[in-house]
Amino acid sequence: MIRVAEYRHLYEKLTEVTPPKNVMVDEPLRNHTYTRLGGKADFLVTPETYEQVQEIVKLANHQEVKFTLLGNGSNLIVKDGGIRGIVMNLKKLTAIRIDETSIVAQSGARIIDVSREALKEELSGLEFACGIPGSVGGALFMNAGAYGGEIKDVLVSTKVVDRNGELLTLTAEELDLDYRTSNIPDNGYIVLEATFSLEKGEYKAIKAIMDDLTFKRESKQPLEYPSCGSVFKRPPGYFAGKLIQDSDLQGQQIGGAQVSEKHAGFIVNKSEATASEYIDLIHHVQATVKDKFGVTLEREVKIIGEDLN
């Protein structure tokens with residue numbers, strides 16, 4: 001927990017940039033992550049405009065305060081000690097605009113909702129995203145994909161804020177999108193919006209694909225428990241879930257964290273797990289699979305924050 005008196009000047013400056021309702025002090029981040037894990041943020045800020053995002057970045061730079069972008073917390077583990085400095089969440093930037101066969105979506109919008117808006121307008125190309133829980137910004141960050149489709153297939157351009165608080169417009173090619181990666185984290189970009197190019201389709205056909213993918217997701221994934229989604233990237237020539245299952249790890253538990261009995265590629269927060277228990281189980285799975293099959297499982301989920309002292 002921060003000593004607010006020492007940071008009063010920072011609180012005052014933040015509330016000059018964005019209304020006080022958008023600035024939370026000592027906010028538990030477990031309230032903002034899909035895993036329901038994580039300690040407190042010194043300041044959690046939820047800007048409402050692109051200009052506010054820019055000004056907060058510039059403020060953090062000027063005050064030499066640590067700055068972290070949270071996203072919507074779907075593919076993320078925050079450690080039990082929380083995060084120091086300013087944490088930004090773009091959940092209030094959710095506008096979705098359609099222009100003929102293009103969709104412009106702000107970074108805080110859920111990619112699921114973007115796919116649903118595409119369906120309403122009979123636009124095809126985002127069907128694969130109908131079960132991805134992350135935000136638009138997070139989808140670009142990791143080039144999210146499922147069932148044979150991925151963001152780079154439909155992305156045209158994006159607006160971002162760089163480390164200096166400057167607004168940039170970049171093409172999809174400039175993001176170096178590859179399997180579950182982009183250059184967004186390396187460059188410190190904050191995604192503000194994305195423009196997708198889709199194709200005109202037929203409502204019933206698009207909906208049939210989305211219904212089928214939704215059924216596959218709901219029947220195979222452990223949606224009844226908090227989780228970060230798929231924990232590991234697919235290793236070349238293998239499937240992570242199959243390797244974990246064949247290592248007799250399914251159902252194994254450390255504290256409240258468990259390798260899902262429904263889908264071995266998922267680790268769930270079954271019973272008030274701590275972040276350290278969740279992370280320990282990830283390491284145990286990696287070590288076991290490496291020992292049994294000689295395959296290194298690379299994390300897809302991002303881990304941030306500090307350990308609990």
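Values in this document were obtained by computation on a predicted structure and should not be read as measured data. When reading the values below, keep in mind they use all heavy atoms of this one structure, side chains included, and skip hydrogens, waters and symmetry mates.
- Note: Phe141 CZ to Asn183 CG = 10.5 Å, rounded to the nearest 0.5 Å.
- With salt bridges taken as basic N to acidic carboxylate O contacts below 4.0 Å, one links Lys233 and Glu298.
- Side-chain atoms of Glu277 come within 3.5 Å of backbone N or O of Thr274 as a donor-acceptor pair.
- Through direct or relayed side-chain contacts under 4.5 Å between Ile, Leu, Val, Met, Phe, Trp and Tyr, Leu76 connects to Met24, Leu29, Leu44, Leu70, Val78, Ile83, Val87, Ile304.
- Connection of Leu175 to Leu69 is not established within any shared hydrophobic cluster, with ILVMFWY side chains joined at heavy-atom distances below 4.5 Å, either directly or through further cluster members.
- Screening residues 207-256 for ring-ring contact (aromatic ring centres under 6.0 Å, His included), with sequence neighbours left out, gives no hits.
- Side chain of Gln286 to backbone of Leu297: a donor-acceptor contact under 3.5 angstrom is found.
- Using a 4.5 Å heavy-atom cutoff, the side chains of Pro235 and Leu243 are in contact.
- Electrostatic pairing of Asp26 and Lys40 does not count as a salt bridge here, judged by no charged N lying under 4.0 Å from a carboxylate O.
- Between the Thr18 side chain and the Thr15 main chain, no donor and acceptor come within less than 3.5 Å of each other.
- Expressed to the nearest 0.5 Å, how far CG of Leu177 lies from CG of Leu140 amounts to 6.5 Å.
- For the pair Ile303/Ile279, a side-chain contact is recorded, criterion being any heavy-atom separation below 4.5 Å from C-beta on.
- Using a distance-only test at 3.5 Å, with no hydrogens or angles considered, a donor-acceptor pair links the side chain of Asn89 to the main chain of Gly71.
- The main-chain N or O of Val231 is never found under 3.5 Å from a side-chain atom of Glu300 such that the two would form a donor-acceptor pair.
- Lys13 is linked by a salt bridge (Lys or Arg N to Asp or Glu O under 4.0 Å) to nothing, counting only residues two or more places apart in sequence or in another chain.
- The closest side-chain heavy-atom distance from Gln106 to Val136 is not below 4.5 Å.
- Ion pairing between a basic and an acidic side chain is recognised when a charged N comes within 4.0 Å of a carboxylate O; Arg84 and Glu306 show such pairing.
- Arg217 places a side-chain N or O within donor-acceptor distance of the main-chain N or O of Gly131, the cut-off being under 3.5 Å.
- Between Ile282 and Ile77 the shortest side-chain heavy-atom distance falls below 4.5 Å.
- The residue from Gln52, Lys21, Lys92, His32 that alone fulfils the side-chain hydrogen bond (donor to acceptor under 3.5 Å, both in side chains) condition with Thr46 is Lys92.
- Between the side chain of Asp178 and the main chain of Thr181, no donor-acceptor pair closer than 3.5 Å is present.
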